[in-house]
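Taking it in order: structure first as structure tokens, then the write-up.
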Amino acid sequence: MRICETFRSIQGEGITMGSVTFFIRCTGCNLSCEWCDTRYSRDGGTDMTVAELMNYVKEERNICVTGGEPLLQDDIYELLDALLDAGKKVVLETNGSADISKVPISKDMIISMDIKCPSSGMSDRMLLSNLNYLKGTDQLKFIIADGSDLEYAVSFISSHKISCAVVFTPVGGMDIEPLTEEVIERNVNVRVLPQLHKIIWGDRKGV
């Protein structure tokens, strides 16, 4: 597997926010979002085996496999199976364009899947059949940059059957007040969450 970085931090996004987590960030992505905050993960990195990665996580409880797009990695399912077999709680972050139908089903696995809004430039790349594979314990995330994105996200969740938690986060992850006020005004059934790691440490790598 091609790995961009590994580090221990807190989970800064979504329904497991605040949990001490070990991150495995894979190199490479098939999308190029306008506001991507991990462009450095598109290239470079180090080749690592599943066994090497498992040695890194021996003492860890919570693992986040992210990217880039981790589902592009040839050995991703071997890694996910190994993590689950070792009793780890795993969050898989995926961008919504890659097939999730083969992701292991487990009480210890959370799929965190994006739906890209128009400001990303990638909204036409979503694989909508993925919605059929999300469980009640998973989450669907929308990154909101402006009013058009908000309209898109609200329309999307009202016109599709969604069986899991829905999260709205502002682009940049920190200026959360305007989006929160809009969601309250519209009475939308979602969670409005920041990117907690950026509030704590700013917009930098390895946190």
- Smallest heavy-atom separation, Leu140 atom then Cys164 atom, equals N-SG, 3.8 Å
- One should read off an interatomic distance between His160 NE2 and Leu128 CG, to the nearest 0.5 angstrom, of 5.0 Å
- Message: Test your reading of the model: is there a side-chain donor-acceptor pair from Asp203 to the backbone of Gly172, 3.5 Å cut-off?
- Response: no
- Under 3.5 Å, is there a donor-acceptor pair between the side chain of Glu78 and the main chain of Asp75? no
- Note on the structure: In this structure, CD of Glu181 is separated from CG of Leu179 (nearest 0.5 Å) by 10.0 Å
- Query: Hey, are Glu34 and Ser120 close enough side-chain-wise for a donor-acceptor pair under 3.5 Å?
  - Reply: no
- Item | Minimum heavy-atom distance between Met17 and Pro194, given as atom pair plus value | CE-O, 3.1 Å
- Flag, side chain of Gln139 to backbone of Ile15, donor-acceptor distance under 3.5 Å: yes
- Message: Has Thr21 got a side-chain atom pairing as donor or acceptor with Ser19's backbone, closer than 3.5 angstrom?
- Response: yes
- Message: For Asn189, I'd like to know if atom CG has over 12 heavy atoms of other residues, nucleotides or ligands within 6.0 Å.
- Response: no
- Task: Give a yes-or-no answer on whether the side chains of Glu13 and Thr169 include a donor-acceptor pair shorter than 3.5 Å.
- Result: no
- Message: Checking side-chain polar atoms at under 3.5 Å, does Ser119 have a donor or acceptor matched by the opposite partner on Asp149?
- Response: yes
- Would you check if the distance from the ring center of Tyr152 to the ring center of Phe142 is below 6.0 Å? no
- Task: Supply the atom-to-atom distance Cys29 SG to Arg42 CZ, rounded to the nearest 0.5 angstrom.
- Result: 5.5 Å
- Determine whether more than 12 heavy atoms belonging to other residues, nucleotides or ligands lie under 6.0 Å from atom CZ of Arg186. yes
- d(Ile199 CD1, Met174 CE) to nearest 0.5 Å is 7.5 Å
- Query: Are Asp146 and Leu150 side-chain neighbours, meaning at least one heavy-atom pair lies under 4.5 Å?
  - Reply: no
- Query: Within 45 degrees of the axis of the six-membered ring of Tyr40 and under 6.0 Å from its centre: does Lys205 put its NZ or CZ there?
  - Reply: yes
- Task: Would you confirm whether Thr180, through its side chain, and Ile176, through its main-chain N or O, come within 3.5 Å as a donor-acceptor pair?
- Result: yes
- Query: Would you say the side chains of Asn30 and Ser97 form a donor-acceptor pair under 3.5 Å?
  - Reply: yes
- Query: Should we say atom CG of Asp74 is surrounded by more than 12 heavy atoms from elsewhere, each under 6.0 Å from it?
  - Reply: no
- Item | Sole residue of Trp201, Phe23, Phe22 in ring pair (Phe, Tyr, Trp, His ring centres under 6.0 Å) with Phe7 | Phe23
- Checking Asn95 side chain against Glu69 main chain: does a donor-acceptor pair fall under 3.5 Å? no
- Task: Calculate, to the nearest 0.5 Å, the distance between atoms CG and CD1 belonging to Leu131 and Ile157 respectively.
- Result: 12.0 Å
- Item | Heavy atoms from other residues, nucleotides or ligands near CZ of Arg2 exceed 12 (cutoff 6.0 Å) | yes
- Salt-bridge present (Asp124, Lys116; N to O < 4.0 Å): no
- Give a yes or no on whether a salt bridge exists between Glu60 and Lys89, defined as a side-chain N under 4.0 angstrom from a carboxylate O. no
- Value for CD (Gln11) from CD1 (Ile110), rounded to nearest 0.5 Å, stands at 9.0 Å
- Task: Let me see the working for Glu93 and Ser112 under side-chain hydrogen bond (donor to acceptor under 3.5 Å, both in side chains), right down to the final yes or no.
- Result: CA-CA 5 Å; Glu93 295 187 342; Ser112 177; 4.8 Å; no
- Query: So with a 6.0 Å cut-off around NZ of Lys135, is the heavy-atom count from everything else above 12?
  - Reply: yes
